[in-house]
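One structure is given here, and the rest of the page talks about it.
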Amino acid sequence: MDSVLLIYKGIYILAIFGISLLIATYSTYFERKIAAFIQDRVGPNRAGPMGLLQPLADAGKLFFKEEFIPAKANKGLFILGPGIAMLVAAMSSAVIPFGDTLIIGETSFDLIAIDVNIGILYIFGVVSLGVYGLMIGGWASNNKFSLLGAIRAASQNISYELAMGLSLIAVLMLSGSLSLKVIAEQQTGFNWNIWYQPLGFLIFLICAFAETNRTPFDLPESEAELIGGYHTEYSSMKLGMYLFAEYINIFVVSAVMSTLYFGAYNFPFMENLRNAFDDPVLGNNVVTIIGVAVMFAKIFAFIFFFMWVRWTLPRFRYDQLMKLGWNILIPLAILNILLTGGGILLYEHFTK
Amino acid sequence: MTLSERMYLPAIAQGLGITLKHFFKKKATINYPEETRQRSDVWRGLHVLKRDENGAERCTACGLCAVACPAEAITMTAGERKKGEEHLYREEKYAVTYEINMLRCIFCGLCEEACPKAAIFLQDDKLAPARYERDEFIYGKDRLVEPLKTTETK
Amino acid sequence: MTESLFFFFASLTLLCAIMVVISKNPVYSVIFLILTFFSISAHYILLNAQFLAAVNIIVYAGAIMVLFLFVLMFINTGKNVESTLKKNVLAKIAGTVAGGLLFIVVVAALKDVALGHPDPATYDSQVGMVENLGKVLFTKYMLPFQLVAVLFLVSMVGAVMIGKRETGEQNF
Amino acid sequence: MATDNKTADTDQLQEFRDNRDLKLQDKKNENLTTLNLGPTHPATHGIFQNILQMDGEVIMDAVPTIGYIHRAFEKIAERRPFYQITPLTDRMNYCSSPINNMGYHMTVEKLLGITIPKRAQYIRVIMMELARISDHLICNSILGVDSGAFTGFLYVMQEREHIYDIYEEVCGARLTTNMGRIGGMERDLSPKALHLIGEFLKRFPKVWAEFEKMLTRNRIFIDRTVGVGAISAERALSYGFTGPNLRATGIDYDVRVMNPYSSYDDFEFEIPVGSKGDTYDRYLVRNEEVWQSLKIIEQAYKNLPEGSYHADAPHYYLPPKQEVYTSMEALIYHFKIVMGEIDAPKGEVYHSVEGGNGELGFYLVSDGGRTPYRLHFRRPCFIYYQAYTEMIVGGQLADAILTLSSLNVIAGELDA
Amino acid sequence: MAEAPEGYSGAGFFATSFEKVIGLARANSLWPLPFATSCCGIEFMATMGATYDISRFGSERPSFSPRQADILLVMGTIAKKMGPVVKQVYEQMAEPKWVVAVGACATSGGIFDTYSVLQGIDRVVPVDVYVPGCPPRPEQILDGLMRVQDLAKNESLRRRHSPEYQALLASYNIK
Amino acid sequence: MELTNENVLGKLIAQFGEENIFDAYDPDGIMTFTTNRENIIALIQYLYDDKDLQVQFLTTMAGIHFPDHKGRELCMMYQLHSLRHNYRLRIKVFVPIADPVLPTLTNIYATANWMEREAYDFYGFIFTGHPNLIRILNIEEMEYHPMLKQYPLEDQTREDKIDTYFGR
């Protein structure tokens, strides 16, 4: 029994890792395609049918490109940087519930790698480490553009983490738990958190853009100013790892947003569907499988949104970014906490 | 700024709306190697040395094109037409060698304009292709002169 | 299992801590310090205090050390300071004295310490969980908690004031 | 012009500059980092280098270096017959080559004393205004690209393709047009060209309005540009600014109105002016100028007079090919013109046109020979780029880049 | 690792060696470094634009950092003042790298046969593909890109270590 | 006062004297006259300050080389513009090539800075008082001033050039 679960967990973790890699790989493809479509172009279409092999071509090329370590760079840290970025990005998807429980025979399998009761803090902790990859890489490159990028990344991530955490607290007040699984379970059917937390979601969304360094917050790598920012000096697969990490981060953040605000794997009328089956096990499994699909649909919708915004908006300037984070988002998040607290009190006052 | 502009969001939503509209628009791309974009009739493309209606070369090696060329890309040597070559060369003088350095050429069309015999012509349907070696860009008469229209190809 | 993990993490913590001190490059020091925090967090997890573990990482590794690194990158000194320090005999003597004093204090403090042994009958393994922590904080330690909060607020206001003064405007 | 935004705080800037001087003098100040912006930086679209002294993200000083694509136009011009100089002018401000072509032709016509027929003048106006549109279109959309909004750029680039189609129909090239000849145009507007212009007039306003909608009132963009790279009217005049960059500071100097050429006095149009001379004003002025150019094209297109498309100047304008074959006189003229054996009269002329970036002047000295004795180009970019240092100091790196793209410095024109 | 691209149409494809696969990967993912100095750079914008769309070849990601670029597209006049910069950028690029000289100025100096202009960038860096035109039409630039793709497809993985290649670099005084 | 060429010239001669304002003529509607290097700055300053003229815009500066004019080989042309009155005028100063020294204009017009550097680069004019008189377009190592008539245009390193048929 225990060993079955252990093996299952191992397989599941591998699968999640594989899926996030796959999604990250194909995110590059979708980014290019979506950018092209938005810009009235057709995008990559010559590598394989509809250009579907484009990411493989990129990966293959990056693997076999010359490894280049600048002479003045700090070698150890130069290699460590992308490693940290990749590792941290890959770690963070462990606590996300991608689905409910599958029941096979007697055993029920949770579709979550590790269900810790501080899931959200875990993600928060891991994500907050992601910036080290950028900072160390940027600093070790011994290039001024990289250094500027690293410094921007550091200050940006720290500033927006605060607002992000504050906007989260409102959700936690509603759910009363730090476990993502519990938060997901609470939003059955159409009872999603977004209806109670529109402002909180907005703040979280903006912070998510900032944390993943996407436009309009892509200052650490803004092409027009810093060439490549922190990854200016990187070539071959080390660059690939940075790019991977960025896309995995988008994936994870999308998953977190779906879980926290958009009901994770829950979808409207799921209870009706579940009850429509005579066999509760079958009903449960069908709903779970649909739930997984729904979860991924939500994630993809968010990924699309990320790219859509990326190709629409101009980026902020450094000081404006800071101002937005500290002067607008943090007060707003605090206001949101107060409002939520007041709301909960009122609700309890009138219902009890 | 008005209040709505201060809020960031309305303008952002408007921008997103425009880009989404384009997402579903018909694409403007022309798949180049398979399809080609239509060029104007007067497009100044690759040079050709014309023949007259009898298949004789029009060029008389007067050198006006070489003088008119701001890039100094044209070189030629003139020769006297011998007896029995009337079907090859229209005038009494002709260009023994005629070379255009396509790398130097700026396709300004001044040579075409300068030619009093309407011999050199910049075609609208051909472009100078990219190549690997610098030497391949010296276009001699073998590549410049219009291929002879034989009866078979008619 | 737990015991061996404890020893592993304990030795890792000590090793990293020593590396923090002896690394010549301040950036390496910071990275070892982060590793130290990680292994301390591992200790927390072994104690079933997941919340503390996570907060330790978020606050120390995720925020404070980032700022350390940030400052180090800006200053980008390292070598010069180190070499001048090394040559200075006075600094060496001062270091020795200070280290010796610290050692004495530690010995004095640990001399009479009796290791507590929790009673397995009354020990609540969930004591470190978030709910319990929250309950304790908001009941038993209400006053200290609020005092700390006020202190925090004051320091925040102070930080804002200092930050503002730097631009040269006389706002207060 | 709508500039309802916060005023540029000149006092603060002055204070900053005083502080900066102190900081720069203090050589021991190790907080300043040197950043080498260019010559291959993505934002320096052409090639110019700036060595920046930075205090964190703030620029304390900048030392510009130019000349990376110096091509010696003025020297070449002294060795070429008049008609062969046209291809050179193409490559000066390559975003709006027809304006350069026409400006040069008008200069030579002024020297030779040729007046060209109305129809040719109107065709020139159409082409020049199309060129102005394509110039401003690149400048403003690149401003979007440099601020991170890439997409608008590709929307308007599609319209530029249509402008190129018109060029192609008129002269046979897309970018380096070599359009027009001394004494007129080389060919009349073909029916297809007229049709394309008509289509363009119908379609372009929609695209341009959409582009404006994406950027103009977007607060991120406004924040990024308002007050950035501002220059006062006095300084701008002292630096010899002309064109949109001068008009953004509030001075309505436009060669098309001050010294009308090529029948510009026939058309109704307004000169948009800004007030603060910052990046946003430059953006707005260019945007508005595009609308005005459209207005001019529309008028010229509607009222295109009948007549010849070139002056009757057999000494200078090549005879039609058909006549060369048949008439001896035409053949002689043809040879003389092509060989460059037409002696120009002695004299010196200065003629200026409103180029994409300002007053594009040609100072031509002729000693009666076959080539210009001296041809000096007044290149607006070269003249106003020297103010760049003054404009970016005190701003941030990101500001410097937007200022650069809003100035529309064209390397070909800068370095000549 | 780069898997054999399954489903890639064409009979006998699977018989091709590993080298071919890498070659294909490289050919379809040529990230350009647009070294645009003048007019040709403006035409390159058109190539990137919607009508010609260089992204179809997988090359729409311009890497302004030389480390990440695969092809150096030199577009526009390279003056003598600029020559060392071109060389430096070339040296900074990671192998495998290709150079395309686009336009009359970059290939041969064009009309600027003057004291200040380099008469073709092959005087400072080895050039793989020349694209004529002043400026070339976007079609021609794409043509040049496809030529590089052909080169990349057929290039042996060991070419960059071969003595011929080293000798070539040495003849340009590079490294 | 309406600005006509006669008016302005009269005013300037009254101010500076016949010996300093000479060779006035009007080749293309822009009044052109010559002055000497001692008076050029004062003259431009006067034009700038005068209430009636307000010639406050420096359009361009261009050097010209006349190798045949012995003793006054180099000419510097200043073209000024009064934006208020839309009145242009052109001032020339001739200096010998052995002593190509002119006072700088940068104190009046900021834009003169690079124009003078360009003139130095091309012709070798020396502007006294210029803040940073170094080459601007050419490489610093260049040994000659390329726009002087005696120097060739062509790049001497070109190999594929055949001179037959090129009359130049």
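Basis for what follows: all heavy atoms, side chains included, without hydrogens, waters or symmetry-related copies. Please read all numbers here as calculations on a predicted model, not as lab measurements.
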| field | Pairwise distance CZ(R160(D)) to OG1(T51(E)) - rounded to 0.5 angstrom | value | 9.5 Å

| message | As an exercise: rank G49(E), A79(E), C39(E) by heavy-atom pairs under 4.5 Å with chain D and give me the winner. | response | C39(E)

| Quick one: OG1 on T65(D) to NZ on K81(E), what's the gap to the nearest 0.5 Å? | 6.5 Å

| message | Is there a side-chain contact between Q49(D) and V85(E) in this structure, where contact means two heavy atoms from C-beta onward sitting under 4.5 Å apart? | response | no

| message | Does anything in residues 66-76 of chain D reach chain E? List residues with heavy atoms under 4.5 Å apart, or say none. | response | I66(D), G67(D), Y68(D), I69(D), H70(D), R71(D), A72(D), F73(D), K75(D), I76(D)

| Is there any residue in residues 171-182 of chain D with a non-hydrogen atom under 4.5 Å from a non-hydrogen atom of chain E, and which ones are they? | R174(D), L175(D), T176(D)

| query | Checking heavy atoms, do the side chain of F153(D), its backbone, both or neither come under 4.5 Å from chain E? | reply | side chain

| request: Find the distance between CD1 (I42(E)) and CD1 (I410(D)) and round it off to the nearest 0.5 Å. | output: 6.0 Å

| Over 12 non-hydrogen atoms of neighbours within 6.0 angstrom of NZ in K87(E) | yes

| said: Would you say that T77(E) contacts R91(D) through its side chain, given a criterion of any heavy-atom pair below 4.5 Å between the two side chains? | reply: no

| request: Could you please state which residues from residues 136-144 of chain E sit under 4.5 angstrom from chain D, measuring non-hydrogen atom to non-hydrogen atom, sorted by number, or 'none'? | output: R137(E), P138(E)

| request: Drop me the distance from D90(D)'s CG to I111(E)'s CD1, to the nearest 0.5 angstrom. | output: 8.0 Å

| message | Taking side chain as everything from C-beta outward and backbone as N, CA, C, O, which of these in E413(D) sits under 4.5 Å from a heavy atom of chain E? Side chain, backbone, both or neither. | response | neither

| message | According to salt bridge (Lys or Arg N to Asp or Glu O under 4.0 Å), who are the partners of E210(D), at least two apart in sequence or on a separate chain? | response | K21(B)

